[in-house]
Amino acid sequence: MQNICHNIKYIGTQDDNLDLFEGQYPINKGVSYNSYLIDDEKIAIIDSVDIRRTDDWLWNIGKALGQKHPSYIIVQHMEPDHSASLLSICRKYPELKIVCSPKAAAMIGNFFETPDLSQRIITVSDGDTLPLGQSTLKFLSAPMVHWPEVIVSFEMQSATLFSADAFGSFAMWDDTDAWDAEARRYYTNIVGRFGASVQQLLRKLNELPIKNIAPLHGPMLTGDLSRYIDLYDKWSRYEPEEKGVLVAYASIYGGTAEAARRIAHLLQLENAGQVVLMDLCRHHVSYAVAEAFRLDAMVLCSATYDGGLMPAMYNFLHHLEMKKLCRRRVGFVENGSWAPVAARLMAGHTAKMKDFREIAPVVTIKSRLHEADIPLCQDLAKAMAEK
């Protein structure tokens with residue numbers, strides 16, 4: 001528990017032994033389940049936590065409240081890492097009211113088969129307010145950021161935005177140094193598909209005098225918020241952060257990896273911006289997706305496997321399609337001992353992505369990189385370096 005500003009207390013919990021977030025994203029720096037308490041004439045709790053940390057959360061609430069009782073719990077998002085402890089707190093405080101969007105109200109029965117919860121619900125819509133005393137919460141709908149029922153809450157006195165999953169990050173509550181990399185990975189892999197919805201929310205937020213952003217994962221954001229908002233704006237418009245090339249490869253016996261390393265070196269010689277070399281078979285796809293969003297170009301290098309793509313390359317391209325990445329330049333390197341088809345198959349995927357521009361030439365190698373292949377690699381690197 002921690003006082004964060006005015007009469008707002010942090011009552012969230014930390015999870016330092018979760019291996020996979022949502023069953024798929026590696027967590028190397030842990031993750032926080034953030035919850036907040038507004039201590040006023042009427043006490044409001046902002047969101048609950050994952051079932052893994054229910055007991056810790058209830059202890060934090062008890063310590064923050066003493067002998068007092070909360071009036072409201074604000075449910076901004078029904079995903080279980082933020083709502084799974086809802087039933088526990090409702091049992092502990094029988095008079096507690098649940099404040100949520102109409103769509104969240106309809107979802108509560110999906111997660112809890114307790115009829116009396118429906119009797120506690122107060123629904124709010126875009127622009128509604130909830131006075132607590134000196135504090136007032138203003139609610140803004142944020143559908144598909146990244147579920148349809150999401151709302152965010154703006155506490156008007158302290159100018160604190162409780163932003164649900166927006167501006168969230170992997171890593172712990174106090175690990176502000178990790179925000180750029182881990183918020184990027186969180187956004188691009190979890191929220192990334194819904195850029196248009198994030199843009200709608202950002203337009204609403206532009207009208208508010210926000211001083212603090214309190215997300216549901218990762219550190220609270222304070223001070224100069226422009227950098228965080230600018231990054232969120234770029235990510236949700238699918239604009240690259242900087243010039244550079246992701247060289248992503250999927251290799252079987254090392255021949256494709258050797259070609260990828262040579263291409264990366266040549267790109268550096270051509271001053272192509274930041275060059276990131278990534279082995280898709282060994283790096284989790286979430287890191288590759290984050291780099292694809294960050295940089296303005298990529299070279300995809302894959303061996304032909306069973307007449308198709310290496311599974312790691314197929315998986316990467318599938319994720320990029322799912323997240324609707326667009327407006328990137330892409331080059332191809334393919335490998336095959338007798339019938340290379342990887343370039344054609346990779347191009348088939350990128351052709352489905354809006355405004356992907358293929359850069360020639362395609363480099364085809366047979367089993368391994370040969371000296372005769374180097375001039376074509378140089379041509380590709382030079383073409384990729386040209387804007």
Side-chain angles (χ1 to χ4, degrees), residues 21-22 24-27 29 31 34 77 79 140 142-147 150 152 161-171 175-206 208 210 213-221 223-246 248 273-274 276 278 283-298 316-330 350 353-357:
F21 186 85
E22 290 191 351
Q24 57 182 322
Y25 303 112
I27 301 297
K29 295 178 177 292
V31 68
N34 296 341
H77 183 20
E79 203 166 5
L140 302 173
M144 300 318 300
V145 185
H146 60 116
W147 278 21
V150 173
V152 301
L161 175 70
F162 299 98
S163 60
D165 269 346
F167 299 97
S169 169
F170 298 128
D175 193 357
T176 55
D177 292 341
W179 191 87
D180 280 29
E182 290 301 303
R184 181 186 300 110
R185 189 164 69 98
Y186 184 89
Y187 176 87
T188 56
N189 286 278
I190 294 174
V191 189
R193 180 179 177 85
F194 306 108
S197 300
V198 174
Q199 282 288 303
Q200 291 177 0
L201 176 60
L202 289 176
R203 285 192 286 271
K204 293 180 182 181
L205 299 185
N206 283 338
L208 300 176
I210 302 168
I213 299 177
L216 289 181
H217 293 297
M220 181 173 176
L221 307 178
D224 182 4
L225 301 177
S226 60
R227 183 172 64 86
Y228 307 113
I229 294 171
D230 287 348
L231 281 173
Y232 239 70
D233 183 46
K234 282 186 176 179
W235 296 339
S236 57
R237 287 187 292 109
Y238 306 96
E239 293 291 335
E241 294 174 49
E242 58 186 289
K243 178 182 177 181
V245 184
L246 168 64
Q274 186 173 2
V276 176
M278 188 165 285
H283 288 89
H284 190 268
V285 67
S286 64
Y287 294 94
V289 169
E291 290 300 316
F293 268 73
R294 187 172 71 88
L295 302 173
D296 72 338
M298 63 186 78
F316 175 52
L317 290 167
H318 171 71
H319 276 75
L320 294 186
E321 288 181 63
M322 288 286 291
K323 304 310 173 186
K324 294 189 175 181
L325 186 66
C326 56
R327 297 189 296 277
R328 294 297 190 272
R329 295 175 299 118
V330 60
T350 58
M353 302 181 212
K354 185 178 179 181
D355 295 333
F356 260 64
R357 180 161 62 93

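All residue numbers in this chain count up from 1 along the given sequence.
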Looking only at heavy atoms, what is the nearest atom pair of [X] and [Y], with distance?
X	Y	answer
Ala290	Thr188	CA-OG1, 3.6 Å
Phe316	Ala292	CZ-CB, 4.2 Å
Tyr228	Phe167	O-CE2, 3.8 Å
Ala166	Val145	CB-CG1, 4.2 Å
Pro215	Ser163	CA-OG, 3.3 Å
His217	Asp165	CD2-OD1, 3.6 Å

Is the distance between the ring centroids of Phe21 and Phe170 under 6.0 Å?
yes

Leu140 side chain near Leu208 side chain, heavy-atom distance below 4.5 Å:
yes

Please test Tyr187 against Val198 for side chain to side chain contact (heavy atoms under 4.5 Å, CB included), starting from the C-alpha separation and ending with a verdict.
CA-CA 10 Å; Tyr187 176 87; Val198 174; 3.9 Å; yes

If you round to the nearest 0.5 Å, how far is [atom2] of [Y] from [atom1] of [X]?
X	Y	atom1	atom2	result
Leu246	Asp296	CG	CG	11.0 Å
Glu321	Cys326	CD	SG	13.0 Å
Asp233	Arg203	CG	CZ	10.0 Å
Leu161	Met220	CG	CE	9.5 Å
Arg327	Lys354	CZ	NZ	6.5 Å
Glu241	Glu291	CD	CD	9.0 Å

Residue Lys243 excluded, over 12 heavy atoms near NZ under 6.0 Å
yes

Determine whether more than 12 heavy atoms belonging to other residues, nucleotides or ligands lie under 6.0 Å from atom NZ of Lys204.
yes

Residue of the set Arg328, Arg329, Glu242 for which side-chain contact (heavy atoms from CB on, under 4.5 Å) holds with Leu295:
Glu242

Counting only N and O atoms by type, is there a donor-acceptor contact under 3.5 Å from the side chain of [X] to the main-chain atoms of [Y]?
X	Y	answer
Lys324	Arg193	no
Tyr238	Gly195	yes
Tyr25	Asn189	yes
Trp179	Ala171	no

Glu79: which residues meet the side chain to side chain donor-acceptor pair (under 3.5 Å) condition with it, sequence neighbours left out?
His77, His146

Pairing donors with acceptors under 3.5 angstrom, does anything connect the side chains of Ser169 and Glu182?
no

Please evaluate residues Met298 and Thr350 with respect to the criterion side chain to side chain contact (heavy atoms under 4.5 Å, CB included), reporting the C-alpha separation (whole Å), side-chain torsions for both, the decisive distance (0.1 Å), and the verdict.
CA-CA 11 Å; Met298 63 186 78; Thr350 58; over 6 Å; no

